[in-house]
Amino acid sequence: MRNLDPTGLLDRVFWAVVSINAGRKGFATKGKEGEGRVSYEKGIAEAMSAFRDALATADSKTIVLAEYTFLLQELHFCDKSDKDAFGSLSQAIRSFDDAFLCLEAVDDTAGYKVVDKAFPRNPEYRVRGFPKDAFHIACIAHGTRLRNVLRSPGIDSMEKELLKLRLANLPAAQDSHSGKQKRALAG
């Protein structure tokens, strides 16, 4: 596992989204297309680097914090009149809010054993044999959201690569979380 300063990582994600958004606006402004492309590419490259670094930590909280920060910035720049995008981003953020609560719960060994008893043993409600809790649900739902965006026509190839990386990070976060679930239930 790689040690990483979460504050620095989140700052990088924050500014990457700012650059991506500025680039998109530059594309739409006559005479600013070149500057827009530079800003956009810089933002995508920085986001890719930050998400790779988050993945390298193999830590569920770090991976999800990077994604959460990206989503918060996307929501900030989202046109409120785009009800579908605004609603989707808002739902993703709410799901990850629940996931963070779940990360706290899994650290409470005795309490998490109670949680385990509350989930049916049916595989539909389990991930790798562990409760399909709010963390897993947020990752699964967000994975679906990212796959849907990837299917949209007209997405720049660079942005597709970023979406694929963000999508690949979610199972890694779930693997890390399953490890925490295993430790909590064994303890």
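Since this is a predicted model, take the numbers as computed values, not measurements.
In plain terms, the two heavy atoms of Ala85 and Cys78 that are nearest each other are CB-SG, 3.9 Å. In terms of heavy atoms, Val106 sits closest to Ala184 at O-CB, 3.3 Å. Pairing each heavy atom of Phe135 with each of Ser60, the nearest pair is CZ-CB, 3.6 Å. The nearest pair of heavy atoms linking Pro171 to Ala168 is CD-O, 3.2 Å. Residues Ala138 and Ala99 come closest through the heavy atom pair CB-CB, 4.0 Å. Contact detail for Ala50 and Arg12: the closest heavy-atom pair is N-NH2, 3.1 Å.
The ring pair (Phe, Tyr, Trp, His ring centres under 6.0 Å) contacts involving residues 52-71 comprise Phe51-Phe70, Tyr68-Phe100, where partners must be two or more places apart or lie in separate chains.
The line from SG of Cys139 to CG of Asp133 is 9.5 Å long, rounded to the nearest 0.5 Å. The structure places CE of Met158 at 8.5 Å from CD1 of Ile20, a figure rounded to the nearest 0.5 Å. The structure places NE2 of His142 at 5.0 Å from CZ of Arg166, a figure rounded to the nearest 0.5 Å. Considering CD of Gln73 and CH2 of Trp15, their distance stands at 8.5 Å, rounded to 0.5 Å. With rounding to the nearest 0.5 angstrom, the OG1 atom of Thr109 is 12.5 Å from the NZ atom of Lys180. Interatomic distance, Ser176 OG to Leu55 CG, rounded to the nearest 0.5 Å: 10.5 Å.
By the 4.0 Å N-to-carboxylate-O rule, Glu46 lies too far from Lys42 to be salt-bridged with it.
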For Phe130 and His177: C-alpha separation, side-chain torsions, deciding distance, then whether side chain to side chain contact (heavy atoms under 4.5 Å, CB included) applies.
CA-CA 10 Å; Phe130 300 106; His177 183 65; over 6 Å; no
Evaluate salt bridge (Lys or Arg N to Asp or Glu O under 4.0 Å) for Lys113 paired with Asp108, printing each intermediate quantity in order.
CA-CA 9 Å; Lys113 286 182 180 182; Asp108 176 8; over 6 Å; no
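Taking hydrophobic clusters as Ile, Leu, Val, Met, Phe, Trp and Tyr residues chained together by side-chain heavy-atom distances below 4.5 Å, Ile63 does not share a cluster with Leu72. A continuous path of hydrophobic side-chain contacts links Leu71 to Leu163 [ILVMFWY only; heavy atoms under 4.5 Å]. Linking ILVMFWY residues whenever their side-chain heavy atoms come closer than 4.5 Å, directly or via other members, places Val13 and Leu165 in the same cluster. Two different hydrophobic clusters hold Ile137 and Leu65 under the rule that ILVMFWY side chains link at heavy-atom gaps under 4.5 Å. Connection of Phe27 to Ile44 is established within a shared hydrophobic cluster, with ILVMFWY side chains joined at heavy-atom distances below 4.5 Å, either directly or through further cluster members.
Taking 4.5 Å as the limit, every side-chain heavy atom of Arg24 sits out of range of all side-chain heavy atoms of Phe77. Side-chain contact between Leu75 and Lys80 is absent, with no heavy atoms from C-beta onward closer than 4.5 Å. Residues Glu67 and Asn169 form no side-chain contact, since every pair of their non-hydrogen atoms from C-beta on lies 4.5 Å or further apart. Side-chain contact between Leu146 and Leu170 is present, with at least one heavy-atom pair separated by less than 4.5 Å. At least one side-chain heavy atom of Val149 sits under 4.5 Å from a side-chain heavy atom of Ile155. With contacts defined as side-chain heavy-atom distances shorter than 4.5 Å, the pair Gln174/Arg128 qualifies. No side-chain heavy atom of Lys182 sits under 4.5 Å from any side-chain heavy atom of Ser178.
Although no hydrogens or angles enter the test, the distance criterion places a donor-acceptor pair under 3.5 Å between the side chain of Thr144 and the main chain of Ile140. A donor-acceptor distance shorter than 3.5 angstrom exists from the side chain of Lys132 to the backbone of Glu124, with no hydrogens or angles considered. The backbone N or O of Gly31 sits less than 3.5 Å from a side-chain atom of Glu33, completing a donor-acceptor pair.
Between the side chains of Tyr112 and Asp107, no donor N or O sits under 3.5 Å from an acceptor N or O. Side-chain atoms of Asn148 and Arg151 include a donor-acceptor pair closer than 3.5 Å.
Annotation: side-chain contact (heavy atoms from CB on, under 4.5 Å) contacts of Ser39 (sequence neighbours excluded): Ser19, Ala22. Under the rule for a ring-ring contact (aromatic ring centres under 6.0 Å, His included), Phe86 has no partner lying at least two apart in sequence or in another chain.
Other residues, nucleotides and ligands place no more than 12 heavy atoms under 6.0 Å from the NZ atom of Lys61. Summarising the local packing, CZ of Phe119 is surrounded by more than 12 heavy atoms from other residues, nucleotides or ligands at distances under 6.0 Å.
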